[in-house]
Amino acid sequence: MFRICKKGFFGRVLVGFGSALVTFAAVSAQEFPFSPKVSDLTNSSPPTAALASPGWVNLAAESVSPEQARQILGTGSSETNFAAPVARTKAAFATPGDFSELAEALDNDPLRIYQYVRNHFEYVPYFGLLKGPYLTLHERSGNDFDQAALLIELLRAAGIPAKFKYGTASIDTSNATSLQTLSKWLGTDANVQIIATTFANGGIPVSLSDSILRFDRVWVEATTAQGTVKLDPAFKPSTRYSPINLSAAMNYTEAGILGAAGGTATATSIKGMDAVALTNYLRDRSTDLQNYVKAHHPNDRVEAVLGGYKIVQDNSTTLPTSLPLAVTAAPLTWDAIPPNYIHTLRITHGTLSTIKNIPDIGGRKVSLTHSGSGQSAVAILNIDDQPVAQGVPPGDNNLRLVINHPYAADSGTYGDQSKDFPVKPTGAYVIVSAFGGDNHSTLLGERQRLLNRMSVDGTPPDALERLTETLNIIGQTWMQQTQLNADLLYTFSGKRSIPHHRFGIAGQEEGYFIDMAAQAVSVSTRVATATQGDFKADAFIASAMEHSVLDQLQGIHNSSGLTNPAVSTIRLLALANWRGDRLFVGNSGNFSVVSPNLRNYSTDDLAKFQALVGAAYTLVIPEDGAILVNEWKGLGYVQSLDTEQGKAMGMIIAGGLNGGLSTKPGPTSPVIVQR
């Protein structure tokens, strides 16, 4: 990890070479030049420029009132976003039987079932059915739609009639007790603007007039022996642990890391940073932190050390009969969530085109494989190894993912994203997804057990189902590690990241790779004293993890070390520095000065850079565009966009990937992953 530091143009840019610790300390101490801002409750134009960028996008939403939202989304009769449910197979690990078994384990008792969901599942403020009951169960988190869906599945499995209720909560925020109730639920300061912005950024219909805050909710109505009860499992107050002073615990100072880095800076570039000194500095800070935790928090939960949140348990002896938040007007009643309130994914690859409800595919293996060649080539889309669609591959070989959210902001387009991924008719691919619930998720472990089962069952290592499960685990491992890093980062900066979607592909061609180019989040402040720079820092570390995950799960070592290192943007920038090359920062004001110093870049590359800086992007570019690693040669650079409507970070390597790539041809090994 290193920091480029020069007043003026460079400001302070932090680039992760592998350790996240200094990032946490730096973000908690100061502001980055690229800083997500707290959105206010004013209308804004759709953030199309950010969403069109490759890489990771941070969005801020306009507010949309509950009445406006129902005009845009309807009340449940429309078939907007309709997708046929995906049938589950025996190979899938989520079946209706799972809910029956869990309900039985809870004695089919509606009170125990309600308190199980109420007390153990974190609330996340986004809108619409995204995870569904299965993924909510495995990730231990979800919004009101998802937690209500899980509760209903468990109640119905126990033979208890239950329905969804949808209505608008109304809170007088001039009442200090009411405002405090909301803040403890959302884990924020008791600040009405922060609370309202959190709802708006999550796509939740919200309005603030005078002191009255109104926002839409979903809850459950069930018929039990106690009578008709109103159950709101997603509403739960939390208490926050006080975080440690991370900089002090690590003995970290900005002067210390800058002194270790050294290097020579100009107005547009830097070179010669001391990687050995930086490594030693980071190692010492890590050791200091470990010693501090051992001495002061030897038996504490992670949340108690980092300043996380703990749900206040409900241990009542009877079910609630009323809602914790007052609801105005008559709510809607649904047996199932209407299609126009469900998040969807359209997958297109030539004549193969299908729409899937994200709750039906979340957590499952969605793979694209090919058979035949030439005019007889066929592309096959599989869900948990069962074919669900097929078609003729396109001439350009692009795989297109179109994510559609049931949000009303930006005239119904808020957060929607379309991304093209280059694939080959001879390759195998997995569409990897995640939605931010990795703190307590059991999903990755479940997929690893499935891969192990294939080995025990004698499935050949080169069988497509075993290959794609290996790719799936590689992709899910990156999703989990980067989400855990983001959770730490945003906790220390006093913010919360609300993932709208995280999509990418893990693929096997001549070599293996991950390309995580469709990721949209909203970063909302929890506290008035929140620091800045977290989104950019998160992206730099995530890029470092693109090569490190491939090294972890596919790396082969001998006496000389790793023989098949993967590449990512961050590794290439680190190699450029190690070779003594300069790293340039280019923008519209200085690219004419920077470009003559770049070597081994094609005319197309330079034209692309010129177009990017002309569109208000800032670039971090190595001097050499042809860095050699094993049998791979190419470039890696950063493109950053910062607007009022949205921000985007692209960590690009040769071939247009926003991800990591192996540097030696060869197949993905399920055996190494299983080890």
Side-chain angles (χ1 to χ4, degrees), residues 18 91-94 135 138-139 361-369 382-385 421 423 426-434 438 441-485 502-516 542-558 561-568 571 629-630 632 657 659-675:
F93 44 88
L135 195 55
H138 276 272
E139 291 195 339
I361 62 174
R364 303 178 67 181
K365 182 178 68 176
V366 182
S367 60
L368 177 70
T369 57
N382 310 275
I383 297 180
D384 284 333
D385 300 318
F421 295 84
V423 300
T426 55
Y429 308 90
V430 171
I431 299 170
V432 185
S433 64
D438 294 291
S441 178
T442 59
L443 176 62
L444 181 58
E446 188 66 47
R447 301 309 311 196
Q448 289 172 322
R449 285 189 286 274
L450 284 176
L451 181 62
N452 293 340
R453 188 189 307 164
M454 292 180 188
S455 176
V456 172
D457 291 345
T459 305
D462 59 350
L464 273 177
E465 59 267 36
R466 197 167 170 190
L467 167 63
T468 52
E469 194 61 70
T470 302
L471 293 172
N472 188 34
I473 289 172
I474 290 173
Q476 287 294 341
T477 299
W478 183 87
M479 290 289 190
Q480 184 182 74
Q481 292 188 10
T482 54
Q483 187 62 49
L484 291 173
N485 168 69
R502 308 184 73 212
F503 278 98
I505 61 173
Q508 174 70 60
E509 295 171 350
E510 292 80 6
Y512 46 84
F513 69 92
I514 56 175
D515 184 3
M516 302 301 181
S543 176
M545 289 181 176
E546 286 166 340
H547 72 258
S548 64
V549 164
L550 294 179
D551 289 352
Q552 292 168 35
L553 298 183
Q554 291 297 291
I556 300 173
H557 297 260
N558 61 20
L562 188 66
T563 66
N564 61 333
V567 292
S568 69
R571 176 163 273 173
V629 185
N630 283 335
W632 183 92
L657 297 183
L661 178 68
S662 61
T663 58
K664 284 186 175 181
T668 311
S669 171
V671 177
I672 298 177
V673 168
Q674 288 175 254
R675 290 175 185 166

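Residue numbers start at 1 and run along the sequence shown.
Rounding to the nearest 0.5 angstrom, the gap separating the CZ atom in Phe513 from the CG atom in Leu550 is 10.5 Å. Taken to the nearest 0.5 Å, the CG atom of Asp384 stands 4.5 Å off from the CZ atom of Arg364. In this structure, CG on Asp438 lies 7.5 Å from OG1 on Thr482, to the nearest 0.5 angstrom.
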Mind listing the side-chain donor-acceptor pairs of residues 464-477 below 3.5 Å, one per line with the distance, residues two or more places apart or on another chain?
residue : atom : partner : partner atom : Å
Arg466  : NH1  : Thr459  : O            : 2.7
Arg466  : NH2  : Gln674  : OE1          : 2.8
Thr468  : OG1  : Lys365  : NZ           : 3.0
Thr468  : OG1  : Leu464  : O            : 2.8
Thr468  : OG1  : Glu465  : O            : 3.3
Glu469  : OE1  : Arg447  : NH2          : 2.7
Glu469  : OE2  : Arg447  : NE           : 3.1
Glu469  : OE2  : Asn472  : ND2          : 3.1
Thr470  : OG1  : Arg466  : O            : 2.8
Gln476  : NE2  : Ser433  : O            : 3.0
Thr477  : OG1  : Ile473  : O            : 2.6

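Closest approach of Phe503 and Ile431 over heavy atoms only: CD2-CG2, 4.1 Å. Residue Gly555 comes nearest to Leu562 through the heavy atom pair CA-CD1, 3.5 Å, listed as atom of the first residue, atom of the second, then distance. The shortest heavy-atom contact between Ile514 and Ala506 is CG2-CB, 4.0 Å.
Residues Leu451 and Pro670 are in side-chain contact: their nearest non-hydrogen atoms beyond the backbone lie under 4.5 Å apart.
Under the side-chain hydrogen bond (donor to acceptor under 3.5 Å, both in side chains) criterion, Ser568 pairs with His547, sequence neighbours left out. By the side-chain hydrogen bond (donor to acceptor under 3.5 Å, both in side chains) test, Ser441 pairs with no residue at all, sequence neighbours left out. Under the side-chain contact (heavy atoms from CB on, under 4.5 Å) criterion, Thr663 pairs with Pro565, Val567, Val629, Asn630, Trp632, sequence neighbours left out. Under the side-chain hydrogen bond (donor to acceptor under 3.5 Å, both in side chains) criterion, Thr563 pairs with no residue at all, not counting sequence neighbours. Partners of Glu509 under the salt bridge (charged side-chain N to carboxylate O under 4.0 Å, His left out) rule, at least two apart in sequence or in another chain, do not exist in this structure. For Thr668, the side-chain hydrogen bond (donor to acceptor under 3.5 Å, both in side chains) partners are Gln508, not counting sequence neighbours.
Residue pairs meeting the salt bridge (Lys or Arg N to Asp or Glu O under 4.0 Å) criterion with at least one member in residues 545-558, sequence neighbours excluded: Asp551-Arg571. Judged as a salt bridge (Lys or Arg N to Asp or Glu O under 4.0 Å), not a single pair has a partner in residues 470-481 (not counting sequence neighbours).
A donor-acceptor distance shorter than 3.5 angstrom exists from the side chain of Asn564 to the backbone of Ile556, with no hydrogens or angles considered. A donor-acceptor contact shorter than 3.5 Å is absent between the side chain of Asn485 and the backbone of Ala542.
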